[in-house]
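Structure first, then comments.
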Amino acid sequence: MESYFTLSNGVRMPKIGYGTYKSTDGSDERVILAAIEAGYRLLDTAAAYENEEDVGLAIRKSGVAREDIFLTSKVWRTDLGYEATKRSFAASLERLGTDYLDLFLLHWPKPEPDTENWKELDRGSWAALEEFYKEGKVRAIGVSNFLPHHLRSLLEGAEIRPMVNQLELHVGYMQETAVRFSREQGIQPQAWSPLGRRRILDHEIVRKMAEKYDIAPAQLLLCFLLQQDIAVIPKASSAERMRMNLFLPDICIAQEDMDYLLALPQFGWSGEHPDLPRVSVL
């Protein structure tokens, strides 16, 4: 199976990456270094994760050439706008210890759900990303948590279309409208929280179907997304689970089972939504 998706600009992005959110918990680079040693070549970080220095250190300690790592970071929603985004990007490069990124994203479309000038802020940020792209400081640019109305606004003033849209996607929360619209615009969907936390992994439906295919529940959830041509960035803390998430069995989930999983009622949502206050969920 091909291990890359080819983005609209021809850049190849690994289908499976390592999500570094909360992977360091303020400690050090060891977990990220373990992910590289396990075989991950896409590392997903963000200014808001406060671990870019650890990610950069792990890359340097790994001995893997920088050009062999697909490195993603994001500008936080409080830094939207042309000048603020330029400052954020420069700070991310410095913390990561690199002079370019493989992918840079707008992390959220709005500073707050009720921000009135979000369209202006997004367009200013996007103009900055287009500059980084033209200057060769970024190989690909995109967005995260952008729904169709956010994308439409951005596209109205964009010279370069986003290449990736990173969304919360997993069994029980597939955001079909956002995924479909992204595809229509030539934008590659990428799933954050593809395992949906413990309440998805431990769900009886997921466990039983994983048993049917003789694979781990996490592997079923990742295969389910990849079979829909959605990139994934799972996270794990142990080397064994890192390898299990990366080296997936060569299976094809039957269409009947895919339809069943896609038709499940919504569950497992994180409580994060760009247009609504954060909801506390159990």
Side-chain angles (χ1 to χ4, degrees), residues 1-7 9-75 88-105 107 132-133 135-142 144 163-164 166 188 190-195 218-219 222 225-226 230-250:
M1 180 179 70
E2 176 62 55
S3 58
Y4 294 85
F5 285 120
T6 300
L7 304 181
N9 66 341
V11 167
R12 296 201 310 167
M13 181 181 77
K15 291 183 175 181
I16 305 174
Y18 183 74
T20 71
Y21 179 56
K22 291 188 176 180
S23 64
T24 56
D25 271 342
S27 55
D28 56 33
E29 76 289 346
R30 283 177 292 180
V31 172
I32 299 166
L33 179 58
I36 299 173
E37 291 173 344
Y40 287 88
R41 290 299 178 264
L42 186 157
L43 300 177
D44 179 88
T45 184
Y49 299 170
E50 298 183 348
N51 66 2
E52 288 174 313
E53 290 180 350
D54 293 322
V55 171
L57 182 57
I59 293 172
R60 292 190 293 277
K61 281 191 172 183
S62 73
V64 176
R66 169 66 186 88
E67 58 267 25
D68 293 331
I69 299 287
F70 191 100
L71 184 56
T72 300
S73 194
K74 314 175 193 74
V75 56
S88 178
F89 178 74
S92 286
L93 289 184
E94 183 175 358
R95 288 190 293 265
L96 287 161
T98 185
D99 58 0
Y100 76 99
L101 291 176
D102 296 280
L103 178 62
F104 193 56
L105 307 176
H107 206 151
F132 305 151
Y133 181 73
E135 293 167 355
K137 295 178 180 177
V138 182
R139 297 177 63 226
I141 52 179
S144 180
M163 294 138 199
V164 172
Q166 194 180 100
Q188 172 65 48
Q190 185 181 50
W192 65 262
S193 193
L195 304 180
Q219 292 179 317
L222 296 174
L225 291 166
L226 290 167
I230 295 172
V232 294
I233 44 172
K235 61 180 182 179
S237 55
S238 73
E240 179 183 2
R241 288 186 177 179
M242 288 176 183
R243 289 191 293 269
M244 184 180 295
N245 292 344
L246 181 61
F247 300 107
L248 298 173
D250 187 15

Hey, can you pull the donor-acceptor pairs under 3.5 Å for the side chains in residues 230-249, sequence neighbours left out?
{"from": "Lys235", "atom 1": "NZ", "to": "Tyr21", "atom 2": "O", "distance (Å)": "3.2"}
{"from": "Ser238", "atom 1": "OG", "to": "Arg241", "atom 2": "N", "distance (Å)": "3.2"}
{"from": "Asn245", "atom 1": "ND2", "to": "Arg241", "atom 2": "O", "distance (Å)": "3.4"}

What residues, two or more places apart in sequence or in another chain, satisfy side-chain hydrogen bond (donor to acceptor under 3.5 Å, both in side chains) together with [X]?
X: Thr45; answer: Asn51
X: Gln190; answer: Gln166
X: Ser144; answer: none

Identify the two heavy atoms, one from [X] and one from [Y], that lie closest to each other, and give their separation to 0.1 Å.
X: Leu225; Y: Ala191; result: CD1-CB, 4.0 Å
X: Ser73; Y: Ala46; result: OG-CA, 3.4 Å
X: Ile69; Y: Tyr40; result: CD1-O, 4.4 Å
X: Thr72; Y: Phe70; result: OG1-CE2, 3.7 Å
X: Gly142; Y: Leu103; result: N-CD1, 4.2 Å

Once you round to the nearest 0.5 Å, how far does [atom1] of [X] lie from [atom2] of [Y]?
X: Tyr100; Y: Leu71; atom1: OH; atom2: CG; result: 8.0 Å
X: Met13; Y: Arg139; atom1: CE; atom2: CZ; result: 11.5 Å
X: Leu101; Y: Ile141; atom1: CG; atom2: CD1; result: 12.0 Å
X: Phe104; Y: Leu93; atom1: CZ; atom2: CG; result: 8.0 Å

Just to verify, what does Asp99 make a side-chain contact (heavy atoms from CB on, under 4.5 Å) with, not counting sequence neighbours? none
For Tyr49 and Val55: C-alpha separation, side-chain torsions, deciding distance, then whether side chain to side chain contact (heavy atoms under 4.5 Å, CB included) applies. CA-CA 11 Å; Tyr49 299 170; Val55 171; over 6 Å; no
Taking only residues two or more places apart in sequence, or in another chain, which ones meet [X] in a salt bridge (charged side-chain N to carboxylate O under 4.0 Å, His left out)?
X: Arg66; answer: Asp102
X: Lys137; answer: Glu135
X: Arg12; answer: Glu2

Would Leu195 and Leu222 satisfy side chain to side chain contact (heavy atoms under 4.5 Å, CB included), going step by step from the backbone distance to the final call? CA-CA 7 Å; Leu195 304 180; Leu222 296 174; 3.8 Å; yes
Residue pairs passing the salt bridge (Lys or Arg N to Asp or Glu O under 4.0 Å) test with at least one member in residues 32-45, sequence neighbours excluded, are Asp44-Lys74
With Phe132, which residues qualify under ring-ring contact (aromatic ring centres under 6.0 Å, His included), at least two apart? Phe89
Table please: side-chain donor-acceptor pairs of residues 57-65 below 3.5 Å, with sequence neighbours left out.
{"from": "Arg60", "atom 1": "NH1", "to": "Gly56", "atom 2": "O", "distance (Å)": "3.3"}
{"from": "Arg60", "atom 1": "NH1", "to": "Leu96", "atom 2": "O", "distance (Å)": "3.3"}
{"from": "Lys61", "atom 1": "NZ", "to": "Glu29", "atom 2": "OE2", "distance (Å)": "2.7"}
{"from": "Ser62", "atom 1": "OG", "to": "Ile59", "atom 2": "O", "distance (Å)": "2.7"}
{"from": "Ser62", "atom 1": "OG", "to": "Val64", "atom 2": "N", "distance (Å)": "3.0"}

Kindly indicate whether the side chain of Leu43, heavy atoms from C-beta on, has any atom under 4.5 Å from the side chain of Ile36. yes
Do Met163 and Val11 make a side-chain contact, defined as non-hydrogen atoms from C-beta onward lying under 4.5 Å apart?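 Sidechains of Val11 and Met163: no contact.
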